[in-house]
Amino acid sequence: MSSEPFLVLSVLLFTIGALGVLVRRNAIVVFMCVELMLNAANLAFVTFARQHGNLDGQVAAFFVMVVAAAEVVIGLAIIVTIFRTRRSASVDDASLLKY
Amino acid sequence: MIAFWILAPIMVAAALGMVLVRKAVHSAMLLAVVMVSLAILYAVLDAPFLFVVQIIVYTGAVLMLFLFVLMLVGVDSADSLVETIKGQRALGATAALLVGVVLVVVASQAVVGSAAGLAGPNLDGNVQGLADLLFSKYVFAFEVTSALLITAALGAMVLAHRERLTPKPTQRDRAQQRVRDYADSGKHLGPLAPPGVYARHNAVDTPALLPDGSVAGESVSRTLKARGTVRQAPAIARTPGLDDDGSQTGRVTGNDASRPSAETGGDQ
């Protein structure tokens, strides 16, 4: 069982996540795409842990999960706050700092 | 490896669907598919602890949080199709494609030699091995993580908290406001009309009919209207005087055919 297919899958998922971040407007969907990118990175970590035969990669993936959980909490709270004041979940509407 | 070749196409398809699908709830569901498949891949890759954590933390907690926020933000928050920056979608798709090509080329050449495997480190069990690392080599990062989690909890509380700027309206205030509205604009004082009750449909998505046969607009929930799942009352309560498809305006024109017919069993 070689590692290349897992790496290619992780890269594909990362790219799809990046595509979603670039083209979608709904802040929640953009956020889900960021989560997809983090998950893709985790898959690469776990694959390399197996490739190198030590558990450091799995520990790194674990830390990424912790940070992602904290990030989701704060990010969704920000989205809810913006939605409350502006009645919109679109990333293009939050442009007050421009003016 | 069989699990990989079954799951990989599903994951890529679900991820693509997540980006392309219009409704955010469907995106969340497709993300759940990707995450559960990823958990199975972790099990294949000799990471049983991460398999469990992925299912509990990601599919159980993070996705539920996404669904809660989707519920708060509402179902009628569709993506706007107007481009703020001209040609941003095409540019973004091109950039993503280029990044993808580069990364695939790099990733497919990155690994030299066969995998060392985790039989050695997992000898005492995967969880024990991870705990050994976490509490020796990575103990500082582990402790800092606790500070991060506390900060996140505090931040969520601060962001979600809202100071009340106006006094809370009491029941008396509401009643007075209602009567004032009635005096000013003639808005109905009482409760909203209930949904229609027919012989074959009495669900909340069927509007009630007024005595002249027109649809009582307030009798169906605003959310159902936003979703576009409201039934056409004339289609249910079909009148003998009208065509088979009823009137698409949602109004039954009423001469003597203003009452729903016995043919469809309508009785209201």
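A note on names: the letters A, B, ... follow the listed sequences, proteins ahead of strands, and every chain is numbered from 1.
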Pick one of side chain, backbone, both or neither for B:Ser108, based on which atoms fall under 4.5 Å of a heavy atom in chain A.
both
Roughly how far, to the nearest 0.5 Å, is CD1 of A:Ile74 from OG1 of B:Thr151?
8.5 Å
Under 4.5 Å heavy-atom distance to chain B, tell me which part of A:Ser10 shows up: side chain, backbone, both or neither.
neither
Could you pull out all residues at least two apart from B:Asp205 that satisfy salt bridge (Lys or Arg N to Asp or Glu O under 4.0 Å)?
B:Arg231
What I'd like to find out is whether the side chain of B:Val73 reaches to under 4.5 Å of the side chain of A:Ile28, using heavy atoms alone.
yes
I want to check something: taking the side chain as every heavy atom from C-beta on, are B:Leu130 and A:Phe62 in contact at a cut-off of under 4.5 Å?
no
Segment of B:Val158 engaging chain A (4.5 angstrom heavy-atom cut-off):
neither
Could you look at B:Leu38 and say if it's the side chain, the backbone, both or neither that has a heavy atom under 4.5 Å from chain A?
side chain
Relative to chain A, which segment of B:Leu65 carries a heavy atom at a distance below 4.5 Å: side chain, backbone, both, or neither?
both
Gap separating the CD1 atom of A:Ile79 from the CZ atom of B:Phe66, nearest 0.5 angstrom:
7.0 Å
Side-chain heavy-atom pair A:Asn54, B:Leu133 within 4.5 angstrom cut-off:
no
Mind checking whether A:Gln58 and B:Asn126 have side chains closer than 4.5 Å, heavy atoms only?
yes
Between A:Phe48 and chain B, with a heavy-atom cut-off of 4.5 Å, which part of the residue counts as in contact: side chain, backbone, both or neither?
side chain
Top contributor to chain A interface from B:Ala28, B:Ala90, B:Ala119, B:Ala95 [non-hydrogen pairs under 4.5 Å]:
B:Ala28
If we only count heavy atoms from C-beta on, is the B:Val44 to A:Phe6 side-chain gap below 4.5 Å?
yes
Taking atom CD of A:Glu35 and atom OH of B:Tyr58, what is their separation to the nearest 0.5 Å?
4.5 Å
Checking heavy atoms, do the side chain of B:Phe68, its backbone, both or neither come under 4.5 Å from chain A?
neither
